[in-house]
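As structure tokens, the structure follows; a few thoughts come after it.
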Amino acid sequence: MGKKEEKSQQGEELVKVNKWDGSAVKHALDDAVKTCLLGDRPQLKEQFGLVNTRLALCALAVSVAIMAHAWDFTHPFPESRPVLLFSVLAYFALLGILTLHSSFREKGTFAVALQKDKERERLWEASSDMRKYDDKYLLTLSVRDSKNGKRREQSSNKSCAAFIDQNGIVLDNLVANEVNRLFNALAADKKSAGPLVSN
């Protein structure tokens, strides 16, 4: 077993991060969680609705800016004044919608997957939060059942040192253990009064 584990570890690409860079640590752990959640569960199909919505809003904002520039080029100011005014208002309105989408809908969500069964569909979401100058990595895994519409979640709030060694290597096996624990608790269909947070 020991030789097999060593070979598998050598075959896998090790991820090394600057452990003093909170943003890099968070993104590395997010990637490890996403890989574990989707890589080992073929029944989960990744969904890109949140990302596509963000890209669509960005594309619209850029299109408005390009349109204003092109119109001003072909119809010099002051003839282009109404179009420029509309474009400026539309651009900042789209940026406002994008900010609201990122702050209140995404909320740190980095993975969305759909699980289809014969009886129902489940929408899984993984989100995280790690405040600046804080070593606590808050991981939240949630599931929404299409049958009853209820949303349940499990959370883990641990130091990032629990998943990264002293050399800055992300320990995928420890991340997988935590993800599996949260996933299994939600998949068991056990009724709980609220989210479970483990320290």
Side-chain angles (χ1 to χ4, degrees), residues 1-51 54 101-115 122-145 151-199:
M1 287 294 293
K3 292 183 179 179
K4 290 183 179 179
E5 290 179 357
E6 288 179 3
K7 289 182 180 179
S8 63
Q9 289 179 355
Q10 290 176 358
E12 296 175 356
E13 183 180 354
L14 297 178
V15 177
K16 186 173 182 179
V17 296
N18 179 5
K19 59 184 180 180
W20 305 113
D21 185 348
S23 179
V25 169
K26 179 183 180 301
H27 291 307
L29 291 176
D30 288 349
D31 289 341
V33 169
K34 184 176 180 179
T35 300
C36 172
L37 180 64
L38 301 177
D40 299 334
R41 297 174 177 85
Q43 73 273 24
L44 298 183
K45 303 300 181 183
E46 188 173 4
Q47 303 295 301
F48 302 96
L50 288 178
V51 177
R54 190 195 324 149
H101 175 75
S102 300
S103 301
F104 297 101
R105 178 58 186 95
E106 291 187 1
K107 294 182 180 178
T109 301
F110 58 86
V112 180
L114 184 65
Q115 179 183 2
R122 289 177 171 181
L123 186 65
W124 295 84
E125 292 186 2
S127 60
S128 67
D129 185 37
M130 189 172 175
R131 297 184 178 180
K132 196 174 183 179
Y133 307 121
D134 192 357
D135 69 321
K136 294 295 184 181
Y137 178 72
L138 175 61
L139 172 63
T140 302
L141 191 63
S142 66
V143 59
R144 185 184 300 277
D145 198 327
R151 182 178 183 272
R152 296 176 296 117
E153 68 178 31
Q154 296 281 339
S155 299
S156 172
N157 191 14
K158 293 186 176 182
S159 170
C160 59
F163 309 110
I164 298 178
D165 66 11
Q166 59 183 358
N167 296 319
I169 302 296
V170 178
L171 305 175
D172 292 329
N173 58 328
L174 298 182
V175 175
N177 290 340
E178 195 66 20
V179 173
N180 292 336
R181 183 183 69 81
L182 299 178
F183 183 89
N184 293 335
L186 290 171
D189 280 336
K190 294 181 179 178
K191 295 182 180 179
S192 57
L196 172 66
V197 179
S198 63
N199 295 312

Closest approach of Arg122 to Val143 (non-hydrogen atoms, all atoms of both residues): CB-CG2, 3.8 Å
Leu37 and Arg41, any side-chain heavy atoms less than 4.5 Å apart: yes
Residue pair Leu29, Ser128: steps toward the side chain to side chain contact (heavy atoms under 4.5 Å, CB included) verdict: CA-CA 9 Å; Leu29 291 176; Ser128 67; over 6 Å; no
Derivation and outcome, side chain to side chain contact (heavy atoms under 4.5 Å, CB included), residues Phe163 and Leu139: CA-CA 12 Å; Phe163 309 110; Leu139 172 63; over 6 Å; no
Rounded distance [0.5 Å steps], CD in Glu125 versus OG1 in Thr140: 11.0 Å
Expected output: side-chain Lys132 to main-chain Gly22 donor-acceptor under 3.5 Å: no
Taking every non-hydrogen atom, the tightest pair across Val17 and Ala24: CG1-O, 4.1 Å
Rounded distance [0.5 Å steps], CD1 in Ile164 versus CG in Leu171: 8.0 Å
Closest non-hydrogen atom pair, Ser155 against Arg181: O-NH2, 4.3 Å
Lys/Arg N to Asp/Glu carboxylate O, Asp30 vs Lys26, below 4.0 Å: yes
Closest non-hydrogen atom pair between Ala162 and Leu174, with its separation: O-CD1, 3.3 Å
Approximate separation, where rounding is to 0.5 Å, of Asp40 CG and Asn180 CG: 7.0 Å
The single option from Gln47, Glu46, Gln115 passing side-chain hydrogen bond (donor to acceptor under 3.5 Å, both in side chains) against Trp124: Gln115
Contact summary for Asp172 and Ala32, nearest pair of heavy atoms: OD1-CB, 3.8 Å
Test item: Leu50 and His101 side chains (from C-beta on) under 4.5 Å apart, heavy atoms: yes
Ser142 and Arg151, any side-chain heavy atoms less than 4.5 Å apart: yes
Greater than 12 external heavy atoms within 6.0 Å of Gln43's CD: yes
